[in-house]
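The first residue of the sequence shown is numbered 1, and numbering continues consecutively from there.
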Amino acid sequence: MSSAYQHNTRILVALDCIIFGFDGETLKLLLIKRNFEPQFGNWSLMGGFLNEGEDLEHAASRILYNLTGLHNNYLEQLQTFGTVHRDPVERTISVVYYSLVNIADQDVSAIQAHNASWISLDNKPPLIFDHDQMVIAALQRLRYKAALHPIGFELLPEKFTVPQLQKLYEAIYNTQLDRRNFSRKIMATDLLLSTGEKDTNSVTKKAQLYTLNTEKYQKYLDGYYTFLPELAELTAQ
């Protein structure tokens, strides 16, 4: 029996990361303005190639760290893109991940070193290859998952207000939510722990600051509870 597969065609495996952030008002993407070929001067997602002896999850985490300087962020495999001519240079399949990061935690020097910028989804420039399709798929997945599991909290600072949380979900779903209804449902989840502090940066300076109940959060992630299932109806927006 042969000790190796008989296959002479070279096919590269790439990883592309769709990195979402939230600046308090809008949902943003971390994009690269390429200073290398192909597509010099155009915008793309952050990506790289799979190294020998490296598994996919590790490679995606490496790429995320290289760009943001962050470890242990929310990272989920999305899907694989493998159209034959998707990369004009060489036959390449791309395994796509999306990640949620707190913009305030990023390593600014790492972003500058990669010629990257945070760009609002509303102002996203055309991206190279099939990267626009990847972003569309990632946004649909984020909207679906954020309705069932409270993963949106990954985009917030450690301390936050309910109005900030509402702005985040309005940005994710590109819609306005009723303030009283949203607040009531959020408080019913028992995910928020009061800090006893007020947000001094708010207009009224009366907004209560909360932190995330991490034990309860993990139970939501594990599927013990369903977060805000009614938001799933907004997934296609």
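Side-chain N or O atoms of Thr68 include one that pairs as donor or acceptor with a backbone N or O of Leu70 at under 3.5 Å. Although no hydrogens or angles enter the test, the distance criterion places a donor-acceptor pair under 3.5 Å between the side chain of Glu54 and the main chain of Asn51. With Arg179 contributing its side chain and Ser183 its backbone, the two residues share no donor-acceptor pair below 3.5 Å. Put simply, the side chain of Glu170 gets close to the backbone of Leu177: a donor and an acceptor are under 3.5 Å apart. A donor-acceptor pair under 3.5 Å links the side-chain atoms of Tyr173 to the main chain of Ala147, judged by distance alone.
Neither Tyr65 nor Trp118 shares a network with the other; the hydrophobic side chains, linked directly or stepwise wherever heavy atoms of I, L, V, M, F, W or Y lie under 4.5 Å apart, form separate groups for each. Transitive grouping of hydrophobic side chains (ILVMFWY, heavy atoms separated by less than 4.5 Å) brings Met134 and Leu31 into a common cluster. Hydrophobic clustering of Ile, Leu, Val, Met, Phe, Trp and Tyr side chains at less than 4.5 Å, counting indirect connections, unites Phe22 with Leu212. Transitive grouping of hydrophobic side chains (ILVMFWY, heavy atoms separated by less than 4.5 Å) brings Ile11 and Val95 into a common cluster.
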Could you check Tyr210 against Gln164 for side-chain hydrogen bond (donor to acceptor under 3.5 Å, both in side chains), going step by step and ending with a plain yes or no?
-> CA-CA 11 Å; Tyr210 295 91; Gln164 287 173 336; over 6 Å; no

Derivation of the side-chain contact (heavy atoms from CB on, under 4.5 Å) call for Phe20 and Leu142 = CA-CA 9 Å; Phe20 290 109; Leu142 171 60; 4.1 Å; yes

Asp199/Lys159 under salt bridge (Lys or Arg N to Asp or Glu O under 4.0 Å): CA gap, chis, key distance, verdict = CA-CA 9 Å; Asp199 181 11; Lys159 298 178 182 180; over 6 Å; no

Tyr97 and Glu76: CA distance, side-chain angles, deciding distance, side-chain hydrogen bond (donor to acceptor under 3.5 Å, both in side chains) verdict | CA-CA 5 Å; Tyr97 283 76; Glu76 180 182 343; over 6 Å; no

Verify side-chain hydrogen bond (donor to acceptor under 3.5 Å, both in side chains) between Asn73 and Ser99, making sure each step is shown before the conclusion.
-> CA-CA 7 Å; Asn73 286 82; Ser99 180; 5.3 Å; no

Stepwise, does the side-chain contact (heavy atoms from CB on, under 4.5 Å) test hold for Thr214 with Gln218?
-> CA-CA 6 Å; Thr214 55; Gln218 189 57 53; over 6 Å; no

Walk me through it: do Leu67 and Ile32 pass the test side-chain contact (heavy atoms from CB on, under 4.5 Å)?
-> CA-CA 10 Å; Leu67 182 58; Ile32 305 292; 3.7 Å; yes

Before giving the answer on side-chain contact (heavy atoms from CB on, under 4.5 Å), spell out for Leu191 and Ile186 the whole-Å C-alpha distance, their side-chain angles and the decisive distance to 0.1 Å.
-> CA-CA 8 Å; Leu191 280 165; Ile186 285 296; over 6 Å; no

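The distance from the CZ atom of Phe81 to the CZ atom of Arg86 is 8.0 Å, given to the nearest 0.5 Å. One finds the CD1 atom of Ile63 at 10.0 Å from the NE2 atom of His114 (value rounded to the nearest 0.5 Å). In this structure, NZ in Lys145 is found 12.5 Å from CD1 in Ile172, a value given to the nearest 0.5 Å. Taken from CG in Asp178 to CZ in Arg184, the straight-line distance is 9.0 Å, to the nearest 0.5 Å. Going from atom CG of Leu45 over to atom CG of Leu30 covers 9.5 Å, rounded to the nearest 0.5 Å. Here OG1 of Thr195 is found 5.5 Å from CD of Gln208. Values are rounded to the nearest 0.5 Å.
Atom CG of Asn181 sits in a crowded spot, with more than 12 heavy atoms from other residues, nucleotides or ligands closer than 6.0 Å. No more than 12 heavy atoms of other residues, nucleotides or ligands sit less than 6.0 Å from atom OH of Tyr144. By the 6.0 Å contact criterion, CZ on Arg91 is enclosed, its count of non-hydrogen atoms from other residues, nucleotides or ligands being greater than 12. Atom CD of Glu37 has more than 12 neighbouring heavy atoms from other residues, nucleotides or ligands inside a 6.0 Å radius. Environment of CD in Gln77: crowded, with over 12 heavy atoms of neighbouring residues, nucleotides or ligands closer than 6.0 Å. Counting non-hydrogen atoms of other residues, nucleotides and ligands closer than 6.0 Å to NZ of Lys216 gives a total above 12. Within 6.0 Å of CD in Gln176 there are 12 or fewer heavy atoms belonging to other residues, nucleotides or ligands.
Using a 4.5 Å cut-off on side-chain heavy atoms (C-beta onward), Leu168 and Leu156 make contact. Using a 4.5 Å heavy-atom cutoff, the side chains of Asp122 and Lys124 are not in contact. Thr189 is listed as a side-chain neighbour of Tyr220, based on a closest heavy-atom distance under 4.5 Å. In this structure, Leu121 and Asn174 have side chains that are not in contact, with every pair of non-hydrogen atoms separated by 4.5 Å or more. Inter-residue side-chain proximity for Glu154 and Val101 is flagged as unmet; no heavy-atom pair is nearer than 4.5 Å. Using a 4.5 Å heavy-atom cutoff, the side chains of Ile93 and Leu12 are not in contact. Within the 4.5 Å cutoff, the side chain of His131 has heavy atoms near those of the Asp16 side chain. A 4.5 Å side-chain heavy-atom check between Tyr98 and Leu139 finds every atom pair outside the cut-off.
Contact detail for Ala60 and Leu75: the closest heavy-atom pair is CB-CD2, 3.8 Å. The heavy-atom pair separating Ile111 from Ser117 by the smallest distance is CG2-N, 4.5 Å. What you find for Gly41 and Lys33 is that their closest heavy atoms are O-CE, 3.3 Å. In plain terms, the two heavy atoms of Leu78 and Ile18 that are nearest each other are CD2-CD1, 4.2 Å. Minimum heavy-atom separation, Tyr217 to Pro150: CE1-O, 3.1 Å. Between Ala59 and Leu15, the closest heavy-atom pair is CB-CD1, 3.6 Å.
A centroid separation of less than 6.0 Å is found between the aromatic rings of Phe153 and Phe160.
A side chain to side chain contact (heavy atoms under 4.5 Å, CB included) with Leu192 holds for exactly one of Val162, Thr161, Leu209, Asn213; it is Val162. Considering Leu29, Asp23, Leu27, Thr26 as possible partners of Ser120, the one that fulfils the side chain to side chain contact (heavy atoms under 4.5 Å, CB included) test is Thr26.
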Sequence neighbours excluded and cut-off under 3.5 Å, please list the side-chain donor-acceptor pairs for residues 224-231, or say none.
| from | atom 1 | to | atom 2 | distance (Å) |
| --- | --- | --- | --- | --- |
| Glu230 | OE2 | Lys185 | NZ | 3.0 |

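Classified by interplanar angle (parallel below 30°, tilted 30° to 60°, perpendicular above 60°), the ring pair Tyr169/Phe182 is tilted.
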